[in-house]
Q: 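Just passing along the structure, written as structure tokens.
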Amino acid sequence: MASSLRVAAPAKLNLYLRVVGKRPDGYHELETIFEWIDLTDELVLEPRPSGIELTCSDPTLSCGEDNLIMKAARLLQRAAGSRPGAAVHLAKRIPIAAGLGGGSSDAATALLGLNALWELKLDHQTLVGLAAQLGADVPCFLYNAPYVVGTGRGDICRPIAAAPRLAHVLVVPDARLSTSEVFAGAQFSLTASKPSSSIVEHALRNGSLGELASGMWNDLEPEAIRRCPVIRTIQSALISQGCLASRLSGSGPAVFGVCRNTAHARRVARQLSEQAPASWRIETVQTAAEVRDGGHRRSGRTARAGRTDGRG
Ligand code: C5P
């Protein structure tokens, strides 16, 4: 059994999110494009003879059985048919309930990390099946690609190869939005004309920022803005600082702007910080760099343990 593992759990942005229908199970049918960014939580995993002990740097977060990391560990124990133990420490940096997928990423990373720590050798498809039980967007966090197209509940994943690293300014106002409430309150017009996700996908393949900006979309924005009007203020501020586009991530309230490059992003973040309320978290982020390591890095190193490109 591995001695210990330190694994990064990246946040996501939704470059595109369209609701294409309501499902009988109460979920919505989505078409979304995730981008993984270099804002990460970190999980440190150590083997124990038995029991799962979870600790977290953020005292407001529950470390009980309701935590998705704990649920991931329980699913893996069951799948393994044994009861291996672990101590898991979560260093929380991704804002909670902000639309950045932090909880889902932690869960996916726990599946990958514990699969490696316990040397279970569960294959990608098995992990995807377990991830889907934890949340709609958990499976897509298992893929080692900078961008992933999600359909179905957001859980049918297709990685996009050969894509550029983007520079963004991320702004998170001091507010929390419930994903289920934003979905429930949103009015979706399935007939209204909206850009197609293929514009974003094409733009990513070709590195065209102008085309990317023209195709970005989020159907949840109107409802999120209705509940949290400061989202609109942030978007206007980002655009007035020269961002090519600004969108809500997921169900919000995190908002991001697409910048021309990292220098532009730093400039926008600096200027915005001078005017913005102190309660807004403002930072520059980039597309996560790809790390392909097979999931066997040991203590002291940060890795995206065992994420696959979905072909293996
Ligand atoms: O699956 P997860 O717990 O992340 O989803 C949170 C909530 O978001 C769901 O309970 C549901 O209300 C809403 N949701 C949805 N359709 C999706 C994904 C999430 O309605 N495709």
Side-chain angles (χ1 to χ4, degrees), residues 11-35 95-104 132 134-141 147-158 168-204 211-240 243-258 280:
K12 57 88 174 164
L13 300 177
N14 297 84
L15 295 175
Y16 185 92
L17 194 162
R18 195 161 72 94
V19 178
V20 293
K22 189 135 197 254
R23 299 160 51 109
D25 62 6
Y27 274 81
H28 293 80
E29 198 76 24
L30 302 182
E31 196 181 350
T32 188
I33 299 181
F34 298 105
E35 174 190 1
I96 296 165
L100 297 169
S104 298
L134 294 169
D137 59 3
V138 181
C140 286
F141 280 93
Y147 305 92
V148 173
V149 179
T151 52
R153 294 187 309 156
D155 56 347
I156 301 172
C157 315
R158 177 170 56 82
H168 305 291
V169 171
L170 176 68
V171 183
V172 186
D174 187 20
R176 285 192 186 186
L177 287 173
S178 146
T179 303
S180 52
E181 285 174 20
V182 173
F183 267 103
Q187 307 286 322
F188 306 113
S189 163
L190 300 178
T191 51
S193 107
K194 299 170 189 177
S196 150
S197 65
S198 63
I199 299 175
V200 172
E201 200 172 333
H202 186 262
L204 290 175
E211 190 186 13
L212 175 71
S214 73
M216 281 169 52
W217 186 262
N218 187 334
D219 263 342
L220 300 177
E221 255 176 39
E223 176 63 14
I225 290 169
R226 197 180 71 72
R227 290 168 176 267
C228 183
V230 74
I231 290 166
R232 176 75 86 208
T233 312
I234 297 168
Q235 289 182 308
S236 304
L238 288 168
I239 295 297
S240 72
C243 287
L244 301 167
S246 172
R247 287 279 166 231
L248 183 75
S249 184
S251 56
V255 176
F256 63 100
V258 176
W280 293 6

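Predicted, not measured: the structure shown is a model, and the values here were computed from it.
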Q: Return the minimal non-hydrogen interatomic distance between A224 and L248, and the atom names on each side.
A: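 Nearest pair, atom of A224 first, then L248: CB-CD2, 3.5 Å.
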Q: Taking only residues two or more places apart in sequence, or in another chain, which ones meet D137 in a salt bridge (charged side-chain N to carboxylate O under 4.0 Å, His left out)?
A: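 For D137, no residue satisfies salt bridge (charged side-chain N to carboxylate O under 4.0 Å, His left out) once neighbours in sequence are set aside.
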Q: What residues, two or more places apart in sequence or in another chain, satisfy side chain to side chain donor-acceptor pair (under 3.5 Å) together with D155?
A: R153
Q: Measuring from R247:CZ to L15:CG, what's the distance to the nearest 0.5 Å?
A: 11.0 Å
Q: Taking all non-hydrogen atoms of both residues into account, name the closest pair between P253 and C228 and its distance.
A: CB-SG, 4.2 Å
Q: Which one of K194, Q187, R18 satisfies the side-chain hydrogen bond (donor to acceptor under 3.5 Å, both in side chains) criterion with D219?
A: K194
Q: Assess the residue pair Q235 and I225 against the criterion (side chain to side chain contact (heavy atoms under 4.5 Å, CB included)); give the C-alpha distance rounded to whole Å, side-chain angles, the decisive distance to 0.1 Å, and a yes or no.
A: CA-CA 10 Å; Q235 289 182 308; I225 290 169; 3.8 Å; yes
Q: Going by the rule side chain to side chain donor-acceptor pair (under 3.5 Å), which residues pair with R158 if we only count those two or more places apart in sequence or in a different chain?
A: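 Applying side chain to side chain donor-acceptor pair (under 3.5 Å) to R158 gives E201.
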Q: If you take all heavy atoms of P195 and W217, which pair is closest and at what distance?
A: CD-CE3, 3.5 Å
Q: Per the ring pair (Phe, Tyr, Trp, His ring centres under 6.0 Å) rule, what does the pair list look like for residues 179-201, sequence neighbours excluded?
A: H28-F183, H28-F188
Q: Between L238 and V169, is there a side-chain heavy-atom distance shorter than 4.5 Å?
A: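 Yes, at least one pair of side-chain atoms sits under 4.5 Å.
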Q: If only atom types and distance count, is the side chain of R227 paired as donor or acceptor with the main-chain N or O of L177 below 3.5 Å?
A: no
Q: Donor-acceptor pair, distance only, cut-off 3.5 Å: does the side chain of S249 make one with the backbone of G99?
A: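 Yes; judged by distance alone, with no hydrogens or angles, the pair exists.
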Q: Find the distance between OG (S246) and CE (M216) and round it off to the nearest 0.5 Å.
A: 7.5 Å
Q: How close do G215 and I199 get, heavy atom to heavy atom, and via which atoms?
A: CA-CG2, 3.7 Å
Q: Do the non-hydrogen side-chain atoms of L170 and L13 ever get within less than 4.5 Å of each other?
A: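 Yes; the side chains approach each other to less than 4.5 Å.
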Q: Which residues pass the side chain to side chain donor-acceptor pair (under 3.5 Å) test with T32, sequence neighbours left out?
A: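 T32 satisfies side chain to side chain donor-acceptor pair (under 3.5 Å) with N14 once adjacent residues are dropped.
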Q: Atom OG in S197, atom CG in L17: separation rounded to 0.5 Å?
A: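 Between atom OG of S197 and atom CG of L17 there are 11.0 Å.
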Q: Can you name the one residue among V255, I234, D174, V172 that meets side-chain contact (heavy atoms from CB on, under 4.5 Å) with W280?
A: I234
Q: Among all residues two or more places apart in sequence or in another chain, which pass the side chain to side chain donor-acceptor pair (under 3.5 Å) test with S214?
A: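 Side chain to side chain donor-acceptor pair (under 3.5 Å) list for S214, sorted by chain: empty.
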Q: Once rounded to the nearest 0.5 Å, what's the spacing between atom SG of C157 and atom CZ of F141?
A: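 Interatomic distance, C157 SG to F141 CZ, rounded to 0.5 Å: 10.0 Å.
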Q: Quick check for you: to the nearest 0.5 Å, what is the distance between L212 atom CG and L244 atom CG?
A: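 It comes to 8.5 Å.
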Q: Quick one: pull up CD1 in I33 and NZ in K12 and give me the separation to the nearest 0.5 Å.
A: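 Going from CD1 on I33 over to NZ on K12, the span is 13.0 Å.
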Q: Search all heavy atoms of F34 against all heavy atoms of G150 and return the closest pair with its distance.
A: CE1-CA, 4.3 Å
Q: Quick one: are L30 and V20 in side-chain contact, heavy atoms under 4.5 Å?
A: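 They are not in contact (no side-chain heavy atoms under 4.5 Å apart), so the answer is no.
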